[in-house]
Q: 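This structure is in structure tokens; I'll ask about it shortly.
Every number for a ligand or one of its atoms is a count from 1 in the order of the listing. The analysis underlying the following values was restricted to heavy atoms, covering all of them including side chains, and did not include hydrogens, waters or symmetry mates.
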Amino acid sequence: MRGFPTLRSMTHQRSIEDLRAEVDQINRDLLTLLSKRGEVVAQIGHAKTQEGRPNHYDPAREDKQLKEIESLNPGPFTSAAVKAIFKEIFKASLDLEESNDKKQLLVSRKVKSEDTVLDIDGVRIGGDAPPIIVAGPCSIESEDQMEQTAAFLAAKGVKILRGGAYKPRTSPYGFQGMGVDGLILGSRVAKEHGMLFVTEVMDTRDVEIVAEHADILQVGARNMHNFALLREVGRSRRPVLLKRGLSATIEEWLYAAEYILSEGNSEVILCERGIRTYEKWTRNTLDLSAVAIAKQETHLPVIVDVTHAAGRRDLLIPLAKAALAVGADGIHVEVHPSPATALSDNEQQLDFAGYDKFSDSLSGLLRQPVGV
Ligand SMILES: O=C(O)C(=O)C[C@]1(C(=O)O)C=C[C@@H](O)C=C1
């Protein structure tokens, strides 16, 4: 019996090898076209950046292309399959545009590969410098309080004294800080003990006066999105300690730093201080990956404020150890002679005995730069 003719006997069948060779050539052609598309799209991305459009995603443009692709689809692939492939192409194109954009950020390691090491009157921060400690009370409250704290911390080798003169309080009726008197006091006491003085500036109108008294200007978490303030501290020519915003993404934090660098001030210290999450057992959630990412993606020093991250004293030692283990260039911790009577944050500041225990536990990690 001869039976029905098979497909093979009806057509001249090409061998699998032969067909695969043709597929290989089509792949090469597709790749050439894809690369060509990528280059054109990169130019679109560049033009968008120059127009000041940081968000390159354009769903309307994608939709228009998908509609045309659907109407022209000759088969054999279904429209759904072809659309899925093109959506992947749009996604890769968008990633390309955005990564090109990031490459040009002044904070990026792609622009400056070596670590930025700050040298503020001989105090080195970042790079191969040993991790630093920034310590002091939440608020500057009195001469006695500052004098006692500075004398204690200086004797322990702490080189940077912190203290808030302007306090961003949740309630407008809470203690708002000593203002200019606090600045004068903080800077005098720090100088007397051979320390640098860091304090927060909250208002563009105060940048000049704060820069006159402080060695480092702090931009607090609540002001990380205050772009006018970021620009102003960028023009101030004082090093800036930039805290990450309460709910800021890493990208937003790095863009905030970019604002400062773009004004010509490259002396920025990033400070991770925990972010808001659903977790209630800590005041914030310390984001250690943000520290590792900021170290990887930027050339700036990164420190960790363990006090605000935890909001509780019993976690300060393990969190500081973890921060140093992931590469932090320093630790920020609040210390007060009598936390119970402090005018702000009295739940979380360390007393002197607490600080002794804290620094003893970290001593091995503080002497040597981690990873060297
Ligand atoms: O046409 C643009 O605006 C592009 O940025 C290019 C492109 C694309 O790949 O076609 C990429 C991302 C946008 O979401 C839309 C379109």
Q: Which ligand 1 atoms, with their elements, are less than 4.0 angstrom from a heavy-atom of Y57?
A: 14 (O)
Q: Could you tell me which atoms of ligand 1, counted from 1 in the order shown, lie closer than 4.0 angstrom to a heavy atom of S93?
A: 9 (O)
Q: Do D144 and S142 get their side chains close enough for a donor-acceptor pair, meaning under 3.5 Å?
A: no
Q: Strictly by modelled atom types, are K357 and S361 linked by a side-chain donor-acceptor pair under 3.5 Å?
A: no
Q: Which ligand 1 atoms, with their elements, are less than 4.0 angstrom from a heavy-atom of F90?
A: 8 (C), 9 (O), 10 (O)
Q: My understanding is that only one of R283, R313, R312 makes a side-chain hydrogen bond (donor to acceptor under 3.5 Å, both in side chains) with Q348; could you say which?
A: R283
Q: Show me which atoms of ligand 1 lie under 4.0 Å from any heavy atom of H56.
A: 13 (C), 14 (O)
Q: Looking at atom 8 (C) of ligand 1, what's its closest protein heavy atom, distance included?
A: R37 NH2, 3.5 Å
Q: Can you tell which of E62, E97, R53 gets a heavy atom nearest to atom 4 (C) of ligand 1?
A: E97
Q: Do E97 and H46 have a side chain donor and acceptor closer than 3.5 Å?
A: no
Q: Just by distance, no angles: are the side chains of T32 and S35 close enough, under 3.5 Å, to form a donor-acceptor pair?
A: no
Q: Can you label the angle between the F227 ring and the H225 ring as parallel, tilted or perpendicular, going by 30° and 60°?
A: perpendicular
Q: Determine, considering heavy atoms only, which of K48, Q65, E98, K91 sits nearest to atom 2 (C) of ligand 1.
A: K48
Q: With heavy-atom distances below 4.0 Å as the criterion, list the atoms of ligand 1 near I44.
A: 1 (O), 2 (C), 3 (O), 4 (C), 5 (O)
Q: Any carboxylate oxygen within less than 4.0 angstrom of a Lys/Arg side-chain nitrogen, looking at D63 and K67?
A: yes
Q: List ligand 1 atoms under 4.0 Å from L94, heavy atoms only on the residue side.
A: 12 (C)
